[in-house]
Amino acid sequence: MMWFLMCIGLLLGGYFIYGKFVEKVFGINEARQTPAFTKTDGVDFVPMSKGKVYLIQLLNIAGVGPIFGPILGALYGPAAMLWIVFGCIFAGAVHDYFSGMLSVRNNGQSVPNLAGKYLGKSAKHFMNVFAIILLLLVGVVFISAPAGLLGKLTGWDVSIFLGFIFAYYLIATIVPVDKIIGRLYPFFGALLLFMSVGLTIALIVSSEHTLLPGFSAGDFLTNLNPNDMPLWPALFITIACGAVSGFHATQSPLMARCVENESNGRFVFYGAMIGEGVIALIWCAIALSFFGGVAGLNEGMAGNPANVVYEASTGLLGAVGGFMAILGVIVLPITSGDTAFRSARLILAEFFKMPQTALPKRLMLAIPLFIMGAILTQVDFGVIWRYFGVANQTTAVMMLWTASAYLLRHNKFHWICTIPAMFMTTVVISFLLSSEKLGAGLPMTLSTVAGIVATLVITALVVVKTKGKGEDVLPEEA
């Protein structure tokens with residue numbers, strides 16, 4: 001109990017202490033008008049209250065990732081909880097804050113344009129392609145997971161729910177942001193809170209299940225994975241949402257177009273990530289506790305995190321409460337999948353310079369995306385999830401370097417972004433070089449050394465090309 005409450009306390013303290021420091025380094029301007037007012041169009045640029053924007057941002061970013069990821073990560077033992085806490089405070093929330101606030105400062109632009117502005121044209125072209133691929137993978141993952149859970153709840157054919165969710169996604173992607181997302185998400189937020197708080201209380205008061213049973217302080221730094229999977233660097237790819245996730249960089253600009261004042265940014269962007277970290281921490285603790293440890297978790301999961309969600313929810317809250325909790329888990333990916341396709345539409349609109357006020361133009365971009373998404377749903381979920389994890393963290397790396405370049409250009413304290421960018425760059429390169437399924441299958445030591453060397457080279461290039469050059473002297477203009 002003490003470890004769990006301490007982790008929650010650290011996350012909340014991170015928001016009030018480190019979040020305030022990050023906001024100070026960025027340097028907000030409360031008198032500056034935001035894109036919600038300067039570019040109001042009634043479709044994507046719509047002013048909304050701070051509370052509503054926070055709830056939408058939380059639901060946008062909190063898909064199935066902060067549930068399935070921590071459940072899979074829990075197989076490494078309590079070390080997963082440490083990554084969630086420190087990754088969220090010093091990397092993930094910083095990443096989300098800068099992806100949102102840089103968009104606010106740049107007329108609501110998406111991450112490819114931000115990368116292009118601060119890192120150069122090559123970064124922009126890379127991110128245009130990569131962001132669309134990531135968003136398609138996210139959309140597919142966040143269709144397949146809730147459809148599978150709904151099928152498990154009802155006994156109906158999963159393809160029925162795939163059709164319903166696809167239809168909802170198409171509608172939510174093309175209608176104005178305040179018509180569906182702005183109206184329904186506060187209710188979904190209440191359902192999310194019920195799920196998180198209800199499961200936590202049920203676990204704490206349960207007479208059958210002990211919180212983090214049999215673990216000692218030393219286990220927080222030990223890999224307990226029963227499948228003999230290496231903690232480095234796989235843990236940092238497995239748990240993305242809840243620690244640091246590049247998907248969030250594609251979502252933050254959606255709410256950057258609706259934020260009414262720059263002073264709201266810390267609550268909306270940094271705060272929503274802390275909220276997601278709490279959700280991830282709860283599910284990690286449930287996974288480690290409900291099955292009595294990592295061995296029981298591995299057996300109970302049987303290769304599919306959805307089994308853990310179902311068993312733990314119904315076991316802790318009963319049939320009715322479990323149904324509500326599972327419904328909350330279903331809502332999370334659906335409320336992120338629709339905005340994934342919406343983000344993809346807006347990125348394409350920026351690339352083709354196609355205004356989105358007219359419905360036919362929105363359909364022109366949305367329909368091809370959904371056709372590609374439908375094709376990808378036929379691919380095995382496990383394969384899609386692996387590629388999603390790597391694409392997700394690669395996007396996070398690009399966004400962190402973009403934020404670092406922005407701070408370097410203005411001679412600000414760039415290390416708050418540079419250090420997490422360096423760490424995640426090493427993680428991604430080491431993983432790709434060492435992975436036998438997705439990469440080169442090289443020895444771990446060699447892969448790690450190569451990752452560190454490549455990271456140092458990238459750091460030097462970013463510093464040399466951007467330091468002190470301000471907003472006007474950019475690589476594409478040189």
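Between the side chain of K467 and the backbone N or O of N411, no donor-acceptor pair lies under 3.5 Å. Judged by distance alone, the side chain of N113 and the main-chain N or O of Q109 form no donor-acceptor pair under 3.5 Å. Between the side chain of N264 and the backbone N or O of K50 there is no donor-acceptor pair closer than 3.5 Å. Judged by distance alone, with hydrogens and angles left aside, the side-chain atoms of T466 form no donor-acceptor pair with the main-chain N or O of L408 at under 3.5 Å. The closest donor-acceptor contact from the side chain of W83 to the backbone of A243 lies at 3.5 Å or more, if one exists at all. Judged purely by atom type and a 3.5 angstrom limit, N60 has no side-chain atom pairing as donor or acceptor with the backbone of Q251. Using a distance-only test at 3.5 Å, with no hydrogens or angles considered, no donor-acceptor pair links the side chain of R409 to the main chain of G468. Within the 3.5 Å criterion, the main-chain N or O of L72 finds no donor-acceptor partner in the side chain of T238.
Of all heavy-atom pairs spanning A280 and G242, the tightest one is CB-CA, 3.8 Å. When every heavy atom of G277 is checked against every heavy atom of C88, the shortest pair comes out as CA-SG, 4.0 Å. Taking each heavy atom of M81 and A285 in turn, the nearest pair found is CE-CB, 4.5 Å. Shortest non-hydrogen contact noted between A272 and L58 is O-CD1, 3.4 Å. Across all non-hydrogen atoms, the minimal contact from I89 to L10 is CD1-O, 3.2 Å. Looking at every heavy atom in both residues, I429 comes nearest to G451 through CG2-CA, 3.7 Å.
Using a 4.5 Å cut-off on side-chain heavy atoms (C-beta onward), S245 and I61 make no contact. H95 is not listed as a side-chain neighbour of C417, based on a closest heavy-atom distance of 4.5 Å or more. Using a 4.5 Å heavy-atom cutoff, the side chains of F269 and Y54 are not in contact. Between Q393 and F431 there is no side-chain heavy-atom pair separated by less than 4.5 Å. In this structure, the side chains of F68 and V309 come closer than 4.5 Å at one or more pairs of heavy atoms. Here the side chains of T40 and V46 are not in contact, with every heavy-atom distance at 4.5 Å or above. Side-chain contact check for N261 versus F37: every heavy-atom pair is 4.5 Å or farther apart. Taking 4.5 Å as the limit, some side-chain heavy atom of Y406 sits within range of a side-chain heavy atom of E471.
Every pair passing salt bridge (Lys or Arg N to Asp or Glu O under 4.0 Å) that includes a residue from residues 100-109 is listed here, sequence neighbours excluded: R105-E262. Applying the salt bridge (Lys or Arg N to Asp or Glu O under 4.0 Å) rule to pairs touching residues 135-147 yields nothing, sequence neighbours excluded.
Between R266 and D96, none of the side-chain N atoms (NZ, or NE/NH1/NH2) sits under 4.0 Å from a carboxylate O, so this pair counts as no salt bridge.
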Legend entry - Stepwise side chain to side chain contact (heavy atoms under 4.5 Å, CB included) test for M422 and L456: CA-CA 8 Å; M422 293 175 69; L456 292 174; 4.0 Å; yes
Inset, instruction - Apply side chain to side chain contact (heavy atoms under 4.5 Å, CB included) to the pair T418 and W401, showing each step before the final yes or no. - result: CA-CA 7 Å; T418 301; W401 282 121; 4.1 Å; yes
Inset, instruction - Take H248 and C241 through the side chain to side chain contact (heavy atoms under 4.5 Å, CB included) test and state the conclusion after the steps. - result: CA-CA 8 Å; H248 300 181; C241 300; 4.2 Å; yes
Legend entry - Derivation of the side chain to side chain contact (heavy atoms under 4.5 Å, CB included) call for I17 and F21: CA-CA 6 Å; I17 300 172; F21 174 69; over 6 Å; no
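In this structure, F90 and F86 have parallel ring planes: the angle between them is below the 30° cut-off, well short of the 60° mark. Relative orientation of the Y270 and Y18 rings is tilted, given thresholds of 30° and 60° on the angle between their planes.
At a cut-off of 3.5 Å, with distance as the only test, a side-chain donor of T455 or T426 sits close to an acceptor on the other residue. Remark: the Q57 side chain and the S252 side chain contain an N/O donor-acceptor pair separated by less than 3.5 Å. Looking at K39 and N107, their side chains never bring a donor and an acceptor atom within 3.5 Å of each other.
If you take SG on C7 and CG on L11, they are separated by 7.5 Å, rounding to the nearest 0.5 Å. Annotation: the span from T425 atom OG1 to I452 atom CD1 amounts to 12.0 Å, rounded to 0.5 Å. A distance of 7.5 Å separates OG of S430 from CE of M444, quoted to the nearest 0.5 Å. Within the model, atoms CG of L114 and CG of L119 stand 10.0 Å from one another, a figure rounded to the nearest 0.5 Å. Within the model, atoms CH2 of W232 and CD1 of I237 stand 9.0 Å from one another, a figure rounded to the nearest 0.5 Å. To the nearest 0.5 Å, the span separating CG on L348 from CG on N128 amounts to 8.0 Å.
Partner of F98 under the side chain to side chain contact (heavy atoms under 4.5 Å, CB included) criterion, chosen from T402, L400, V22: V22. When each of I67, T200, L203 is paired with I282, the side chain to side chain contact (heavy atoms under 4.5 Å, CB included) condition holds for T200 and for no other.
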